[in-house]
Protein chains: 2
Amino acid sequence: MSTSTRTGRGLGAGLRATSKVLPEHARAHNRSLVLQHLFHEGPTSRADLARATSLTRVTISDLVNVLLAEGLVEELGVQPGRRVGKPAILVGMRTDAYQIVAVDLSDDAVMRGAVMTLTGEAVVRRSLPAAGRVGDELVDLIARFARTLVAAATRPVVGVGVGSPGVVDAAGRVIEAPNRQWADLPLAAILADRLALPVHVANDANSAALAEYTYGGAAGSMLVLTVGQGVGAGVMVDGARVHGAADAAGELGHVTVVDDGEPCACGRRGCLETVLAAPALRAAVSGLDPAAADAALAGVGRTLGAALAPVVGALNLADVLLSGPPELLDGALRTAALQTLTERTMPATARGLQLRMASLDEDVVLAGAAVLVLAAQLGVS
Amino acid sequence: MSTSTRTGRGLGAGLRATSKVLPEHARAHNRSLVLQHLFHEGPTSRADLARATSLTRVTISDLVNVLLAEGLVEELGVQPGRRVGKPAILVGMRTDAYQIVAVDLSDDAVMRGAVMTLTGEAVVRRSLPAAGRVGDELVDLIARFARTLVAAATRPVVGVGVGSPGVVDAAGRVIEAPNRQWADLPLAAILADRLALPVHVANDANSAALAEYTYGGAAGSMLVLTVGQGVGAGVMVDGARVHGAADAAGELGHVTVVDDGEPCACGRRGCLETVLAAPALRAAVSGLDPAAADAALAGVGRTLGAALAPVVGALNLADVLLSGPPELLDGALRTAALQTLTERTMPATARGLQLRMASLDEDVVLAGAAVLVLAAQLGVS
DNA sequence: GGCGGTTAAGTCGGTCTACTAACAAACATG
DNA sequence: CATGTTTGTTAGTAGACCGACTTAACCGCC
């Protein structure tokens with residue numbers, strides 16, 4: 001008999017909080033399963049949904065009836081193909097019945113926003129100069145901006161998604177965003193209160209990763225590098241977004257990659273950002289003839305490849321995506337980076353690895369903000 | 001109305017399989033929640049369990065009754081502290097009522113195994129020379145070895161855990177392990193069949209990470225580097241083990257870290273293993289006076305720190321653990337690696353980062369194999 | 001010493017969820 | 001036109017959790 005459960009080594013060290021699961025949560029999960037299938041695979045009959053989810057037809061019918069009543073799905077008539085038996089009635093997700101409001105704060109000079117369909121397409125676009133606005137004033141501006149977007153929506157709005165620079169926790173609290181003079185700011189909660197809508201906030205580069213995963217068809221183990229004024233990253237591992245111990249996952253821009261390199265805005269030297277950010281790349285190739293420019297870009301590519309190799313090796317990533325100006329990234333730089341990456345990782349790791357351009361354009365962050373809402377409100381991603 | 005759900009960009013690309021959840025799965029989850037609490041926090045009253053899990057006392061009593069009937073928990077009398085109200089009856093997990101058989105295949109010369117308590121302590125140890133045994137012959141040997149361990153157990157055996165080199169998928173199939181001449185070998189299924197017990201197999205370094213997480217009190221975002229004949233790694237992200245796109249996560253040993261470095265067994269040059277594996281370290285310091293040896297080790301530490309910086313930055317890890325010979329690792333090497341890591345990542349990342357020795361000794365892999373069983377059979381980790 | 005207040009645990013009935021079994025509807029085929 | 005096949009619905013059942021009530025055991029205070 002053992003009154004001393006704690007004689008083991010180091011037991012009881014960390015409290016791994018997990019929360020209870022009720023039958024209703026199970027139902028919510030199954031409901032999401034149905035939506036997820038309809039979202040990614042298109043209209044499907046109840047019987048096929050049952051086969052795909054391995055739930056019974058009865059349960060599927062029940063779930064579909066609820067979704068029909070909510071207006072999230074609709075019946076689309078009988079399936080075209082003529083087969084034996086009673087013809088199936090197709091059920092499809094009404095991706096145009098609801099809309100999502102997305103806000104992109106990654107550019108500190110201009111706030112960008114859109115009303116989007118559930119499939120990630122912008123219906124209405126707005127932007128607003130925001131240079132110099134910081135702190136609470138900026139929050140006010142965002143709230144007003146979001147309100148105009150909500151007003152511009154032509155369908156009921158499911159929620160509001162925000163991609164913000166800085167460190168953002170899972171609850172949408174901005175832990176720190178120096179450029180915006182934000183610290184420990186519960187941005188999601190504030191906006192949810194003012195807009196009376198569900199609001200979800202995440203780091204902009206992490207949002208980009210979500211967008212490429214959900215809308216861009218990227219693999220479940222992948223990394224997205226966003227190259228713009230700075231360099232950011234978002235990582236998905238085994239189909240889940242990586243948050244990190246202090247919600248700061250993806251901070252690759254300020255990892256040192258060049259010994260005794262150029263000084264960086266962060267105060268140190270040789271950060272990835274000092275060679276890979278768009279301004280740095282433009283400076284590196286300005287005034288050079290094409291061949292020399294390619295050589296310069298290839299050099300950056302090799303540096304990038306060397307920096308990514310340990311990450312790819314440790315996580316066995318399937319996709320590495322570059323998001324940013326294609327004229328700078330999608331050429332010698334990408335080729336050299338892929339070659340270096342392949343050379344510096346073992347074949348088992350490099351096999352099946354892709355290093356390609358992100359498939360979404362400058363709307364990545366907006367689309368990712370939409371995915372935040374989609375995932376949280378409907379369980380679809 | 002939208003018959004064209006698939007007009008979005010790239011929708012329907014990847015099938016993200018998730019399986020249905022039934023109420024009984026919810027119950028299994030809640031049951032694990034109770035066990036998890038008892039395991040990590042020690043004996044607890046039903047009422048306290050209810051408060052900790054936010055389930056009701058009714059449900060907790062029901063779950064506890066089932067666990068009592070199974071002999072997994074026991075009543076331990078009233079709580080010592082005298083307070084108002086009816087004294088609570090403590091319920092404790094009977095960590096000595098069941099045992100786990102663990103096998104460590106990381107050393108190709110000798111197979112190590114143990115009968116372990118649920119708290120990860122070895123009760124019986126066995127080892128068996130295995131040099132030269134490969135392929136099916138080795139599988140036979142493992143099966144017989146495991147059978148003797150099962151026979152040596154003094155309590156009912158919950159299951160068998162195996163830590164193996166090579167790439168192992170979630171189902172315990174060894175995708176490839178060149179040294180053992182294994183390819184696409186369903187090791188877990190074979191052993192489960194022969195032993196008539198649940199068997200779980202995972203990569204040895206990944207097992208080590210699990211062990212440090214569960215028994216060693218490591219954070220939920222961490223990386224364990226195992227340094228021995230070779231170099232392996234296991235990664236946990238946000239409390240979950242990383243599998244990787246092709247189940248090859250943690251292959252850091254063969255990431256290139258030195259340009260034009262020493263040739264490696266894998267056929268390439270300058271792999272981390274060529275500088276960090278125990279034989280390489282011993283060779284690097286042999287015949288040197290202490291100061292020169294420390295300088296050599298510090299050099300390796302700096303190389304290691306530079307290789308880990310991108311990983312730590314991308315994942316925002318809280319812990320990096322070194323498992324291996326302390327006389328080589330726990331000195332100048334570790335200090336230099338930590339310093340380099342701190343210098344090469346941004347403060348937000350480096351803050352709260354620890355680089356320390358693993359807290360478990362040479363039993364790490366065995367303990368990790370036990371966690372495989374613990375997690376899969378009882379939901380505790 | 002008795003009595004109210006407090007906390008722990010068990011009991012009973014109700015709700016929710018998904019399942020099995022059986023059935024009606026609609027179509028293709030011979 | 002009968003038969004077989006597939007779809008979707010209806011009715012009944014078992015599991016899982018909860019709220020409300022009850023019993024049990026203890027403290028403290030008049």
Side-chain angles (χ1 to χ4, degrees), chain A residues 18-35 37-38 41 43-70 73-92 379, chain B residues 18-35 37-38 41 43-70 73-92 379:
Chain A
T18 324
S19 63
K20 65 174 175 181
V21 171
L22 302 182
E24 65 197 88
H25 298 135
R27 184 165 179 89
H29 175 95
N30 290 336
R31 179 194 140 110
S32 292
L33 228 52
V34 171
L35 281 177
H37 188 91
L38 294 178
E41 309 296 324
T44 310
S45 72
R46 292 173 176 81
D48 282 342
L49 282 171
R51 279 184 284 267
T53 58
S54 78
L55 289 161
T56 61
R57 288 200 307 273
V58 183
T59 305
I60 291 293
S61 280
D62 198 34
L63 286 168
V64 166
N65 283 338
V66 172
L67 294 172
L68 279 170
E70 293 177 26
V73 306
E74 62 189 341
E75 294 199 335
L76 299 169
V78 296
Q79 207 160 17
R82 302 215 145 257
R83 298 169 322 195
V84 35
K86 174 179 172 179
I89 304 167
L90 284 179
V91 175
Chain B
T18 323
S19 63
K20 66 174 174 180
V21 172
L22 303 182
E24 63 197 88
H25 298 136
R27 183 163 179 90
H29 175 95
N30 291 336
R31 180 193 138 110
S32 291
L33 228 52
V34 171
L35 282 177
H37 188 92
L38 295 179
E41 309 295 325
T44 310
S45 73
R46 291 172 176 81
D48 282 343
L49 281 172
R51 279 185 281 267
T53 58
S54 77
L55 289 162
T56 61
R57 289 197 306 270
V58 182
T59 305
I60 291 294
S61 282
D62 198 34
L63 286 167
V64 166
N65 283 337
V66 172
L67 294 171
L68 279 171
E70 292 178 24
V73 305
E74 62 189 341
E75 294 199 334
L76 298 168
V78 296
Q79 207 160 17
R82 303 215 143 255
R83 300 168 321 194
V84 233
K86 174 178 171 178
I89 304 167
L90 285 179
V91 175

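For the numbers below, each heavy atom of this structure counts, side chains included, while hydrogens, waters and symmetry mates do not.
Near-neighbour residues of DNA chain D inside residues 25-34 of chain A, defined by a heavy atom below 4.0 Å, are absent.
Look at CG on B/Leu63: it is 15 Å from C1' on C/dA9, rounded to the nearest Å. Atom CG in A/Leu49 sits roughly 11 Å away from atom P in D/dT7 (whole-Å rounding). Per the geometry, CZ belonging to A/Arg83 stands 12 Å off C1' belonging to C/dA28, to the nearest Å.
Counting any heavy atom pair closer than 4.0 Å across all strands shown, B/Leu55 reaches sugar-phosphate atoms only and no base atom. Residue A/Ile60 is classed as having no contact, given no heavy-atom separation below 4.0 Å to the nucleic acid.
For the pair A/Lys20 and A/Ile89, both in contact range of DNA chain D, the more 5′-proximal nearest nucleotide belongs to A/Ile89. For A/Val84 and A/Pro23, each mapped to the nucleotide of DNA chain C holding its nearest heavy atom, the one lying further toward the 5' end belongs to A/Pro23.
Taking the side-chain contact (heavy atoms from CB on, under 4.5 Å) definition, one finds that A/Ala52 meets it with A/His37, sequence neighbours left out. Considering only residues two or more places apart in sequence or on other chains, B/Leu67 meets the side-chain contact (heavy atoms from CB on, under 4.5 Å) condition with B/Arg31, B/Val34, B/Leu35, B/Leu72, B/Val73. For A/Lys86, there are no side-chain contact (heavy atoms from CB on, under 4.5 Å) partners at least two apart in sequence or on another chain. Applying the salt bridge (Lys or Arg N to Asp or Glu O under 4.0 Å) criterion to A/Arg51, with sequence neighbours excluded, gives A/Asp48. Taking the side chain to side chain donor-acceptor pair (under 3.5 Å) definition, one finds that A/Glu24 meets it with nothing, sequence neighbours left out. In this structure, the side-chain contact (heavy atoms from CB on, under 4.5 Å) partners of A/Ala26, at least two apart in sequence or on a different chain, are B/Val21.
At distances below 3.5 Å, not a single donor-acceptor pair connects side-chain atoms of B/His29 with backbone N or O atoms of A/Leu22.
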For residues 58-66 of chain A, which side-chain N or O atoms pair as donor and acceptor with protein atoms under 3.5 Å away, sequence neighbours left out?
unit_1: A/Thr59; atom_1: OG1; unit_2: A/Thr56; atom_2: OG1; d: 3.0
unit_1: A/Ser61; atom_1: OG; unit_2: A/Arg57; atom_2: O; d: 3.3
unit_1: A/Asp62; atom_1: OD2; unit_2: A/Arg27; atom_2: NH2; d: 2.9
unit_1: A/Asn65; atom_1: ND2; unit_2: A/Ser61; atom_2: O; d: 3.2

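Nearest to the side-chain atoms of A/Asp48 among the listed nucleotides D/dA16, D/dT7, C/dA8 stands D/dT7.
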Subject >> Pairing annotation in dot-bracket form, given for DNA chain C with Watson-Crick or G-U pairs under 3.5 Å and | for cross-strand partners >> reply: ||||||||||||||||||||||||||||||
Mind listing the N/O atom pairs, protein and nucleotides 10-13 of chain C, below 3.5 Å?
unit_1: C/dG10; atom_1: OP2; unit_2: B/Ser61; atom_2: OG; d: 2.7

Between the protein and nucleotides 24-26 of chain C, which nitrogen or oxygen pairs come in under 3.5 angstrom?
unit_1: C/dA26; atom_1: N3; unit_2: A/Lys86; atom_2: N; d: 3.3

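Note that NZ of B/Lys20 is 10.5 Å distant from CG of A/Leu33, once rounded to the nearest 0.5 Å. Distance check, rounded to the nearest 0.5 Å: CD of B/Glu41 to CG of B/Leu49 gives 10.5 Å.
Checking the phosphate oxygens (OP1, OP2) of C/dA18, no side-chain nitrogen or oxygen of A/Thr56 falls inside 4.0 Å.
The shortest distance between side-chain heavy atoms of B/Asn30 and B/Thr53 does not fall below 4.5 Å.
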